[in-house]
Amino acid sequence: MRSLTLPAPAKLNRLLRITGRREDGYHSLQTLFQILDRGDTLRFETPPRGTDIVLSPALAGVAEADNLIVRAARRLQRETGCRQGATITLEKRLPMGGGLGGGSSNAATTLLALDRLWDLGLGIERLATLGLELGADVPVFVRGRSAWAEGVGERLSAVDLEPAWFVILHPGVEISTAAIFGHPGLTRDSTVISMRRALDGAGPEAVWRNDCERIVRALHPEVDRALDWLGQYGHAMLTGTGACVFCPLDGETQADQVLQQVPDEWQAFKARGCNLSPLHQALDLAEGLGQAQA
Ligand SMILES: C[C@](O)(CO)[C@H](O)COP(=O)(O)OP(=O)(O)OC[C@H]1O[C@@H](n2ccc(N)nc2=O)[C@H](O)[C@@H]1O
Ligand SMILES: Nc1ncnc2c1ncn2[C@@H]1O[C@H](COP(=O)(O)OP(=O)(O)OP(=O)(O)O)[C@@H](O)[C@H]1O
């Protein structure tokens, strides 16, 4: 039996501009993906026989066949005709429907892990293309770099962001991405800006905003309150379509100070921004140490 234990990190959208709606209903956008050092953990084991994909524990409200981990594994089997199976254990820490990309990251980790354990050798390009079929946020996790993104989030340019610490606050609601993108009140007409302007343009606060925030605040008073509360400490924003909100802080000590003040009703954690995903750091390490044990 071979096995591999890998992280599935979270992401933040440091900005999110919705610039149009395509004929297939998906929205064209511009975003700046910041990968974090916090997330879920997945353990993969490949039994000597059988093609079953077995995942535990189950996620509340998600049928096994709909779980992005199982879908990613089956998509790989279909793509390659691979006759191997996997037993997968998920340690879930990221809130679902939180805008932190947890499900997408789980899918990306599965693609990279099984590509390695099943000796498929598909490589990052093909895995990113397969990942896009599973969700718009999957390719950035497959590529594993904080990145400027266009299209639906699949046209990626890796960027080196300044070292940063964040406090992330979960207001206790789960928000459906499809519901926000489908809402008639969502504005979809932001101008297309250059990556340069986004990264160092005229005042990040004008550019580093999220087009979903207005409608999410209106639909979810809990998010509205969380944003106002966190806004005391800096430039608080929504990530993705919510529900989580985040604030960049001047280092870990300040993040700890803010965490101590968080009202009991909300869950919160601190995280460090990474330019290289912890998943890719771990895979480089696994390569070096021959960690995928025979
Ligand atoms: C909001 C973001 O998290 C920002 O990074 C992503 O754009 C969402 O990515 P995701 O969760 O992987 O989204 P998907 O699972 O691909 O899509 C969920 C639903 O959101 C809508 N959707 C998603 C992405 C996009 N660019 N336009 C859309 O309109 C579609 O109705 C789709 O059915
Ligand atoms: N492995 C998984 N982890 C989390 N959610 C999953 C998973 N598989 C399927 N899902 C479904 O996907 C939905 C979105 O989950 P996810 O945690 O990725 O939300 P999100 O952080 O808002 O995503 P995004 O920022 O990509 O929009 C969940 O509500 C759940 O129904």
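Remember, it's 1-based here, ligands and their atoms both numbered in the order they're listed.
In summary, the atoms of ligand 1 found under 4.0 Å from a heavy atom of Gly25, numbered by their order in the structure, are 29 (O). Those atoms of ligand 2 that come under 4.0 Å of a heavy atom in Lys92, given as number and element, are 3 (N), 4 (C). Ligand 2 places these atoms under 4.0 Å from at least one heavy atom of Ser104: 18 (O), 26 (O). For ligand 1, the atoms sitting less than 4.0 Å from at least one non-hydrogen atom of Ser104 are 12 (O), numbered in the order shown with element in parentheses. Listed by number with element, the atoms of ligand 2 under 4.0 angstrom from any heavy atom of Leu100 are 21 (O), 25 (O). Distances below 4.0 Å separate heavy atoms of Lys11 from the following atoms of ligand 2: 25 (O). Near His27, with a cut-off below 4.0 Å to any heavy atom, the atoms of ligand 1 are 25 (C), 26 (N), 27 (N), 28 (C), 29 (O). The ligand atoms of ligand 2 that sit less than 4.0 angstrom from a heavy atom of Asp137 are 24 (P), 25 (O), 26 (O). Atoms of ligand 2 lying under 4.0 Å from any heavy atom of Leu59, numbered from 1 in the order shown and given with element: 1 (N), 2 (C), 3 (N), 4 (C), 7 (C). For ligand 2, the atoms sitting less than 4.0 Å from at least one non-hydrogen atom of Val62 are 9 (C), 30 (C), 31 (O), numbered in the order shown with element in parentheses. Residue Asn106 approaches ligand 2 through these ligand atoms, each under 4.0 Å from one of its heavy atoms: 1 (N), 2 (C), 3 (N).
Side chains of Arg93 and Thr41: a donor on one and an acceptor on the other come within 3.5 Å. A side-chain donor from one of Arg43 and Thr5 sits under 3.5 Å from a side-chain acceptor of the other.
When distances from atom 30 (C) of ligand 2 to the protein are checked, a heavy atom turns up under 4.0 Å.
In terms of polar-atom proximity, defined here as any N/O pair under 3.5 Å, Gly101 does make such a contact with ligand 2. Residue contacts with ligand 1: Gly240 is placed with no nitrogen or oxygen under 3.5 Å of a nitrogen or oxygen of the ligand (distance criterion only). The distance criterion of under 3.5 Å between nitrogen or oxygen atoms is met by Leu68 with respect to ligand 2. Ligand 2 has no N or O atom lying under 3.5 Å from any N or O atom of Met96, backbone or side chain. Between Lys11 and ligand 1, at least one pair of N/O atoms sits closer than 3.5 Å. Among the atoms of Thr177, some N or O lies under 3.5 angstrom from an N or O of ligand 2. Checking only distances, Asp137 does come within under 3.5 Å of ligand 1, N or O to N or O.
Contact annotation: for Tyr26 versus ligand 1, heavy atoms closer than 4.0 Å belong to both the backbone and the side chain. Contacts between Asn13 and ligand 1 below 4.0 angstrom, taking non-hydrogen atoms only, involve the side chain exclusively. Contact annotation for Asp66 and ligand 2: only backbone heavy atoms (N, CA, C, O) come within less than 4.0 Å of the ligand. With a heavy-atom cut-off of 4.0 Å, Val138 does not touch ligand 1 at all. Both the backbone and the side chain of Asn67 come within 4.0 Å of ligand 2, counting heavy atoms alone.
Around atom CG of Asp24, more than 12 heavy atoms belonging to other residues, nucleotides or ligands sit under 6.0 Å away. More than 12 heavy atoms of other residues, nucleotides or ligands shown are found within 6.0 angstrom of CD on Glu64. Other residues, nucleotides and ligands place no more than 12 heavy atoms under 6.0 Å from the CZ atom of Arg49. In the displayed structure, Glu162 atom CD is contacted under 6.0 Å by at most 12 heavy atoms of other residues, nucleotides or ligands.
At a threshold of 4.0 Å, the pair Glu133-Arg75 counts as salt-bridged, since one of the basic side-chain nitrogens sits closer than that to a carboxylate oxygen. Between Arg2 and Asp119 there is a salt bridge, since at least one side-chain N of the basic residue sits less than 4.0 Å from a carboxylate O of the acidic one. Salt bridge Arg217/Asp228: present, at least one basic N to carboxylate O contact under 4.0 Å.
A heavy-atom separation below 4.0 Å is found between Glu174 and ligand 2. The shortest heavy-atom distance from Gly240 to ligand 2 is not under 4.0 Å.
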